[in-house]
2 protein chains.
Amino acid sequence: MAGPPRKTKVPDSARAITADLVAVLVAVTDGEPKIMTIANAAALPSGPFEFKHRSLQSGLRAWVEAQTGHPLGYVEQLYTFADRGRTGDGPAPHSVSISYLGLTREDQLAERAEAHWSGWYDYFPWEDHRAGPPALLTKLLMPRLRAWAKSAPSPTLQRERWQRVAITFGFEDREWNEELILQRYELLFEAALIPEAVRESGNAATLVPGRAMTADHRRILATGIARLRAKIKYRPVVFELMPAEFTLLQLQRSVEALAGRLVHKQNFRRLMEQQQLVEETGAIATETVGRPAKLFRFRHAVLAERAVAGTKLPLSRT
Amino acid sequence: MAGPPRKTKVPDSARAITADLVAVLVAVTDGEPKIMTIANAAALPSGPFEFKHRSLQSGLRAWVEAQTGHPLGYVEQLYTFADRGRTGDGPAPHSVSISYLGLTREDQLAERAEAHWSGWYDYFPWEDHRAGPPALLTKLLMPRLRAWAKSAPSPTLQRERWQRVAITFGFEDREWNEELILQRYELLFEAALIPEAVRESGNAATLVPGRAMTADHRRILATGIARLRAKIKYRPVVFELMPAEFTLLQLQRSVEALAGRLVHKQNFRRLMEQQQLVEETGAIATETVGRPAKLFRFRHAVLAERAVAGTKLPLSRT
DNA sequence: TTAGCTTATGCTCAGGATAAGTATAAGCCA
DNA sequence: TGGCTTATACTTATCCTGAGCATAAGCTAA
């Protein structure tokens, strides 16, 4: 950025770089959030940047639809990663990765594809609070992060580190904030508790559970989850992950799957109805335990009626 | 994105592109929002991508600090633009623009620089609602957008167009939503009411007021403003734009400058105080009209204490 | 047949947040 | 001193939110 404004000519050879696209493709099946992975679940789908398509988005859409046989409902750009040394070691990789978030349905993956759907909590087991705070949070992460904080050179720095940890992880009676997933990942990375952070230096004994990924793909995934967890609260995007018809409980389970925490059932229904986000189809769910539920569909009309909000996560304490 | 996963080798020559950085640098002076411009206020500062620095952010910081002599408080990536033909005409420009939002203070710009500070409402005169909805909104934009809607091929499409217009511009008793600035710009662009949209095809008579910019810089600016208008509501970033000490009214005026609308004074103070975002310095403002106000400073401590919110824009109807 | 389990759905209630307004204080200047 | 301006304290009505109670409507096993 130390250069002159764009108009000035710079030899292209001096500026040539390469670019990749990386996609975080999300689906929710049976109340479990999934992401599309390749390379034996160790990488996000990615490919070289191509100018064939009119825009990055349309290129991504075409590619995903070919892979999954299902239209890609919602697409949004996430972040462009270009930091030196992000792939681990060595000199500056003259390359950027442009990442996207896409929402779709699992359904059938083309068989030929080497792609799979993996549960996203495999990669972030400490992020699933639907059954209360996971045991590994206090049993494993807390003591190791405390040790890391203690290892700071000065008492002041030690206190600062621990305060950062307590805020981002909700320790010491602080609230758990599901949107801080990226900050939590980066903190664990900084504390060298993540395989990706200690690639060659070994020391695997003190690492933290959770499946690793190649390069910085797990960071990109965390970025995508964070964006989605924030987005469902102010934009009605959950519906992109639902079948055409669904019960309110199924909808609620999807929201909970993404947020990683439970919501208050009655209040959730109240919100959906008073915002007129859904309408009854007239049909009733079959093959269920308990009283059969009415089926609903998303009211696409709201999008035209007003600038519409999402799901405000009516939280549940229990 | 139609290619194989990253591990497969692709000759670099086939993928080589170039990248630019574009910066939306914001300051607020005397209650007016400004952006840094070059090229006679017709372009945003931009330059070739360089890997000299550890990250894009640090490169941007260094560059801005050299230009303004003031540290760049807050930096955030905005968007990466890579759509074919975005610069207007011709074939695919094998180039991407990575844009950033930065918050700073105007102060002294290094004299040698060709950079200036321009009021951002020069580029979007319809976005300033601090003195009520601007006249040109109903006098000019409304009829032209209505004509554009009417020009759609079918009655259904005409209705859809007009509904879109009404929602994004707050016509017909709908609420004005200051965050929709990018959607408004894109609508005007689509309706060919923006000089950038009709580069060669002329027809300047029916255009809409507001200073144009080169390439897609005005779109990038709109993206930055939209992001900032959203951000001030949930993150305490306004303070990056303030001097070390300020009165609550000055703070309020800055928020209003960014949002383009007025807030309720008493409620604004209540929010600031009950969130403990500011603390009294003990000093009193001098050289003012009316009763002198206490001076406040930002409580940096809140950032460490908790995941902190911003300013919820206690709106004012008048 | 019915008790007991499950999920669906309707309704109430208290506390807190919000929008708006009233009232008073404290400077200055004509 | 009256009138103008801005600062600051308080009040009020309304809406939103979190939480819980109660009842409905299916099923299965005793």
Side-chain angles (χ1 to χ4, degrees), chain A residues 30-31 129-130 175-178 232-234 245-256 259 261-296 308-318, chain B residues 30-31 130 175-178 233-234 245-256 259 261-296 308-318:
Chain A
D30 297 330
H129 286 225
R130 287 176 293 177
E175 289 248 323
W176 172 258
N177 183 344
E178 72 281 354
I232 50 171
K233 292 178 193 162
Y234 63 94
E245 303 194 348
F246 47 82
T247 69
L248 288 181
L249 186 59
Q250 286 166 349
L251 181 62
Q252 179 184 343
R253 293 290 179 237
S254 292
V255 170
E256 292 172 337
R261 53 196 312 185
L262 300 179
V263 305
H264 187 280
K265 193 175 186 174
Q266 295 95 319
N267 291 346
F268 178 78
R269 312 175 107 259
R270 180 177 56 189
L271 272 181
M272 288 299 103
E273 283 171 5
Q274 81 183 16
Q275 290 195 118
Q276 299 181 279
L277 287 174
V278 294
E279 65 190 357
E280 301 182 11
T281 67
I284 301 281
T286 56
E287 307 191 30
T288 65
V289 210
R291 174 174 167 180
K294 292 179 191 162
L295 285 175
F296 290 80
V308 72
T311 305
K312 285 191 219 86
L313 280 214
L315 294 178
S316 208
R317 302 298 179 205
T318 48
Chain B
D30 297 328
R130 285 175 293 177
E175 289 249 322
W176 172 258
N177 182 345
E178 73 281 353
K233 292 177 192 162
Y234 63 93
E245 302 195 349
F246 47 83
T247 70
L248 288 181
L249 186 59
Q250 286 166 347
L251 181 62
Q252 179 184 344
R253 293 291 179 234
S254 292
V255 169
E256 291 173 338
R261 54 195 310 182
L262 300 179
V263 304
H264 187 283
K265 192 175 186 173
Q266 296 93 320
N267 292 345
F268 178 80
R269 316 176 103 256
R270 180 182 53 191
L271 273 181
M272 288 298 104
E273 284 170 1
Q274 81 184 15
Q275 289 195 117
Q276 298 182 279
L277 287 174
V278 294
E279 64 189 359
E280 300 181 14
T281 67
I284 301 281
T286 56
E287 309 189 29
T288 66
V289 211
R291 172 174 167 179
K294 292 178 191 163
L295 285 175
F296 290 80
V308 73
T311 305
K312 286 191 215 86
L313 282 214
L315 294 178
S316 211
R317 303 297 180 205
T318 47

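Lettering follows sequence order; numbering is per chain, from 1. Bear in mind the structure is a predicted one, so any value in this text is a computation, not a measurement.
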Could you give the CD-to-C1' distance, from A/Glu273 to C/dG10, as a whole number of Å? 10 Å

A/Lys265 vs C/dA8: side-chain N/O to OP1/OP2 distance below 4.0 Å: yes

Specify the separation, in whole Å, of atom CZ of B/Arg253 and atom P of D/dT5. 13 Å

From CE of B/Met272 across to P of D/dT8 the rounded distance in Å is 15 Å

Classify the side chain of A/Arg270 and the base of D/dG18 as holding, or not holding, a donor-acceptor pair under 3.5 Å. yes

Any B/Met272 side-chain heavy atom under 4.5 Å of B/Arg269 side chain: no

Could you state the CG-C1' distance from B/Leu251 to D/dT6, rounded to the nearest angstrom? 16 Å

How close or far is atom P of C/dC13 from atom CG of A/Asn267, stated in whole angstroms? 16 Å

Comparing nearest nucleotides in DNA chain C, the 5'-proximal residue of the pair A/Val289, A/Gln266 is A/Val289

Nucleotide D/dG18, atom C1' - distance to CZ of A/Arg269 in whole Å: 17 Å

Would you mind classifying the nucleic acid contact of A/Leu249 as base, sugar-phosphate or nothing, using non-hydrogen atoms under 4.0 angstrom? sugar-phosphate

Rounded to whole Å, CD1 of A/Ile284 lies from P of C/dT9 at a distance of 7 Å

Could you walk me through whether B/Gln252 and B/Leu249 pass the side chain to side chain contact (heavy atoms under 4.5 Å, CB included) check? CA-CA 5 Å; B/Gln252 179 184 344; B/Leu249 186 59; 3.7 Å; yes

Report yes if at least one side-chain N or O of A/Arg291 is closer than 4.0 Å to OP1 or OP2 of C/dT6; otherwise report no. no

Sole residue of A/Val278, A/Thr281, A/Leu251 in side chain to side chain contact (heavy atoms under 4.5 Å, CB included) with A/Phe296: A/Val278

Walk me through whether B/Lys294 and B/Thr247 qualify under side chain to side chain contact (heavy atoms under 4.5 Å, CB included). CA-CA 6 Å; B/Lys294 292 178 191 163; B/Thr247 70; over 6 Å; no

Calculate the interatomic distance between A/Glu175 atom CD and D/dG18 atom C1'; express it in whole Å. 12 Å

